[in-house]
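In what follows, chains are A, B, ... by sequence order, proteins preceding strands, each numbered from 1.
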There are 2 protein chains.
Amino acid sequence: MSDNREILLRCALDLFSARGYDAVGVQEIVAAAGVTKPTLYHYFGSKRGMLEVVLDTHFLPFERRLAGATTYTGDLTLSLRRVAEAFFRLAQSTPAFYRLHVALYLSPPESEPRQIVSPFYARQHLLLATLFELATADHGNMRGRHARYALTWRGMVDSYVMAMLDGYLAYSEGMIFDLVHQFSHGIYS
Amino acid sequence: MSDNREILLRCALDLFSARGYDAVGVQEIVAAAGVTKPTLYHYFGSKRGMLEVVLDTHFLPFERRLAGATTYTGDLTLSLRRVAEAFFRLAQSTPAFYRLHVALYLSPPESEPRQIVSPFYARQHLLLATLFELATADHGNMRGRHARYALTWRGMVDSYVMAMLDGYLAYSEGMIFDLVHQFSHGIYS
DNA sequence: TACTTTGTATACCGAGTGGTATAATACCCG
DNA sequence: CGGGTATTATACCACTCGGTATACAAAGTA
């Protein structure tokens with residue numbers, strides 16, 4: 001029975017997301033999971049390895065969904081809506097993981113956690129950038145800005161998601177509309 | 001001679017921003033500063049106190065500038081430009097501090113560092129939200145959205161600033177124009 | 001000159017860190 | 001049943017953590 005593996009993963013995610021990767025010790029994780037250290041090291045090899053598995057478990061399925069959402073069909077608005085939906089679904093199914101990965105991504109560049117998430121973010125950025133690049137065929141004014149749009153789009157989605165997780169915004173169908181609309185047409189319309 | 005105080009502050013900022021508050025020990029800070037621990041504890045009382053002073057020294061002057069930039073004169077575009085300028089100037093004068101405060105703000109809600117920055121962000125959010133609220137007098141369509149606009153505006157500014165600090169965007173006069181334009185009118189115009 | 005205040009170093013504290021050597025248990029497969 | 005394999009616990013490692021008691025030196029102040 002490798003039940004303990006899943007329990008450990010859940011406890012690690014909760015603790016990391018609540019108090020930060022560096023601030024949480026392995027002692028604390030195994031205590032929360034009701035096991036002892038060798039169990040953790042048996043499954044994950046190291047504290048770092050544990051974080052890597054946490055990221056894999058949640059990000060890999062998400063990236064498959066994101067890849068589906070970023071296929072360009074000639075309707076950029078539709079794609080953006082699907083992308084936003086993918087992010088919101090991730091946030092709603094596992095809020096703790098969303099908090100964690102955002103915190104990790106914006107942690108210092110030389111820090112260990114940041115180096116672990118970076119490849120995931122790079123892949124996701126590529127998906128978004130490709131979407132905007134393909135869309136320039138139909139929206140000439142966007143030419144040469146696909147990287148920046150990928151960056152700011154993700155930034156705005158994360159702003160919305162974090163505001164929702166912090167209780168400043170209530171989730172609704174219309175929220176994704178508003179988000180896409182604000183990104184597409186700005187605040188004046 | 002309280003030279004050592006300033007040296008300690010500089011070293012702490014550099015280390016915190018490079019590797020994270022939790023990952024850096026006081027030992028390391030005093031070693032970098034070329035002093036010993038009692039010196040640090042003489043000036044700052046604790047590691048936490050040290051972070052608080054770092055935030056005060058950089059954020060308080062910034063907030064005064066931000067307060068000036070957020071006074072609404074009937075021209076929202078002008079205000080947004082001035083706000084963006086304030087953030088960019090902060091990022092260019094002390095990039096390490098900008099990285100640090102962004103990382104702190106997005107670190108887990110229950111973590112110590114996050115609780116230390118939160119009041120600063122709350123004040124700054126209030127300044128931005130007030131600007132958007134006053135602007136609704138001239139832009140009725142924005143009514144009831146001032147909090148969200150404050151959130152997303154700050155998010156977009158930070159996206160641009162971080163992209164600049166990471167070398168993905170080169171700073172120029174026109175960049176602030178583009179930033180304000182994207183926020184105001186979206187990506188389609 | 002005598003006293004206080006400020007600043008700094010030596011040396012130390014208990015607690016906790018990530019990680020492991022060893023061994024016992026439990027399981028599946030022959 | 002018997003032998004390997006997977007899983008788990010006890011007990012420990014060297015090291016670092018944030019923080020401090022004590023003492024000493026310099027400088028202002030009476």
Under a 4.0 Å heavy-atom criterion, the protein footprint on nucleotides 13-26 of chain C, written with B, S and -, is ----SBBBB-----
Please assess A:H101 against A:F97 for the test ring-ring contact (aromatic ring centres under 6.0 Å, His included), listing each intermediate value before the final yes or no. CA-CA 6 Å; A:H101 88 249; A:F97 178 72; 5.5 Å; yes
Please report the C-alpha distance between A:E110 and A:R114 in whole Å, then the side-chain angles of each, then the deciding distance to 0.1 Å, and finally whether the salt bridge (charged side-chain N to carboxylate O under 4.0 Å, His left out) criterion is met. CA-CA 7 Å; A:E110 300 177 32; A:R114 162 75 171 264; over 6 Å; no
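Looking at B:E6 and B:R10, no side-chain N of the basic residue comes within less than 4.0 Å of a carboxylate O on the acidic one, giving no salt bridge.
A:T57 places a side-chain N or O within donor-acceptor distance of the main-chain N or O of A:V53, the cut-off being under 3.5 Å.
For B:Y43, a side-chain nitrogen or oxygen approaches OP1 or OP2 of C:dT8 to under 4.0 Å. Note on A:H42: a side-chain N or O is less than 4.0 Å away from OP1 or OP2 of D:dT7. One finds a side-chain N or O of A:T39 lying less than 4.0 angstrom from the OP1 or OP2 phosphate oxygen of D:dA9. Under 4.0 angstrom from either OP1 or OP2 of D:dT7 there lies no side-chain N or O belonging to A:N4.
Pairs engaging residues 3-33 of chain B under the ring pair (Phe, Tyr, Trp, His ring centres under 6.0 Å) rule: B:F16-B:Y21 [sequence neighbours left out].
Of the listed residues (A:Y98, A:Y171, A:Y160), just one forms a ring pair (Phe, Tyr, Trp, His ring centres under 6.0 Å) with A:F88, and that residue is A:Y171.
Using a 4.5 Å cut-off on side-chain heavy atoms (C-beta onward), B:F87 and B:F62 make contact.
Taking atom CG of residue B:D3 and atom P of nucleotide C:dT6, one finds them 18 Å apart after rounding to whole Å.
The CD atom of B:E85 sits 11.5 Å away from the CZ atom of B:R65 when rounded to the nearest 0.5 Å.
Listed by first residue number, the stems of DNA chain C with at least three Watson-Crick or G-U pairs below 3.5 Å are C:1-28 with D:3-30.
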